[in-house]
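Read the numbers this way: they start at 1 and go in the same order the structure lists the ligands and their atoms.
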Amino acid sequence: MPSSFDVTSLASLDTSALPRIGRAVGRGSAHAKLILFGEHVVVYGKPAVALPLRAMRMRATAWREGTEPRFESDHYTGPLATAPEIVEAPRKAIEETLRAIGGDLEGLTVAVRGNIPLGRGLGSSAAAAGAIVDAVSRLHNVTLSGGEHFALVQLAEQVAHGKPSGLDALATTIPSPIRFQNASAVPVPVALDACFVIADTGVHGSTRQAVDDVRTSLERDNDSTMATIDALGELSDSAIADLETNEPRSLGARMSQAHELLSKLGVSHPALDGLVAAATGAGAFGAKLTGGGLGGCIVAVVERGNASAVASALQSAGAIQTWSVTSTGTPL
Ligand code: MEV
């Protein structure tokens, strides 16, 4: 059943993992991210633009109980030692954080819960890792620097994605929109008077697979793949100018152009193409896939007054969920 963004669902998340009263507890949380431009090409040193989606979060709680290390989540609850592959990246975040701060696994329970859908290009893996790093370090009363936190999330992201650019690790912690390139970020002063509608195809996309596919096409056909990567990189910087000078039509045209180029790179999916067409058919200025692709979500730039009509059209076209946010990522 399609549904729109519901902030009240956050309240129930806080009660999800409750260690016994009186125990020392470490807590952490990180939010989702929305890549507006530059996914994939950021891996090759091109610029990207991303927004925080602060109402969608992963929250982690860490405490010690008994002797056996345990993990709790909606997907697996049980001993860490026998956790399935889906827990590999969170396990790396736990182990590397303990190594960095000089702690051990004995009796450690880490619980992670949140409302960021997994495998949809919204940063669930980086947000889960970031929340875990904070929860485990705070349980030990250790305050990590931003750089230490980033490095630990990147180690977990290497398990999830292979060779991450660092965009997700950073974009899941930032308070406002950024331009990101070569592991460093600057704020983007967004003045856009329009909003973004995000829609989930319901198809689980593999970022690792998509990143591998782009690398393979670069190896096979370097000149034309590099030309597509260059064109996408240039779109990121032109889009920043649109965001800063309030040019929603021009931004939309660039988003649709970026979707075409990302399709050429081989990271789209028929369900993504269908939602992009539905968004523009319903009056969006433009739309594109967001994140790793091969499934996951699209983002459309839309006149504020038209957001609910575009969201309805996306739901009719098969989106399992939509979220409407301002041009800086706050829920509408
Ligand atoms: C995934 O959210 C973003 C990609 O560009 C990968 C990365 O930056 O590491 C596809």
Query raised in the report: Quick one: do K288 and E39 make a salt bridge, cutoff under 4.0 Å?
Result: yes
Query raised in the report: Would you say the side-chain atoms of T201 pair up with the backbone N or O of V203, donor to acceptor, closer than 3.5 Å?
Result: yes
Requested in this report: Verify side chain to side chain contact (heavy atoms under 4.5 Å, CB included) between F71 and R91, making sure each step is shown before the conclusion.
Outcome: CA-CA 8 Å; F71 188 77; R91 184 219 302 265; over 6 Å; no
Query raised in the report: Is R64 salt-bridged to D104, going by a charged N under 4.0 Å from an acidic O?
Result: yes
Query - Close side-chain approach of V42 to Y44, heavy-atom, < 4.5 Å - result: no
N/O to N/O under 3.5 Å, ligand 1 against protein:
residue	atom	partner	partner atom	Å
ligand 1	2 (O)	K33	NZ	2.8
ligand 1	2 (O)	D168	OD1	3.1
ligand 1	2 (O)	D168	OD2	2.8
ligand 1	5 (O)	H40	N	2.8
ligand 1	8 (O)	S165	OG	2.6
ligand 1	9 (O)	S165	N	2.8
ligand 1	9 (O)	S165	OG	3.4

Query raised in the report: Is the closest side-chain donor-acceptor distance between S224 and D221 under 3.5 Å?
Result: yes
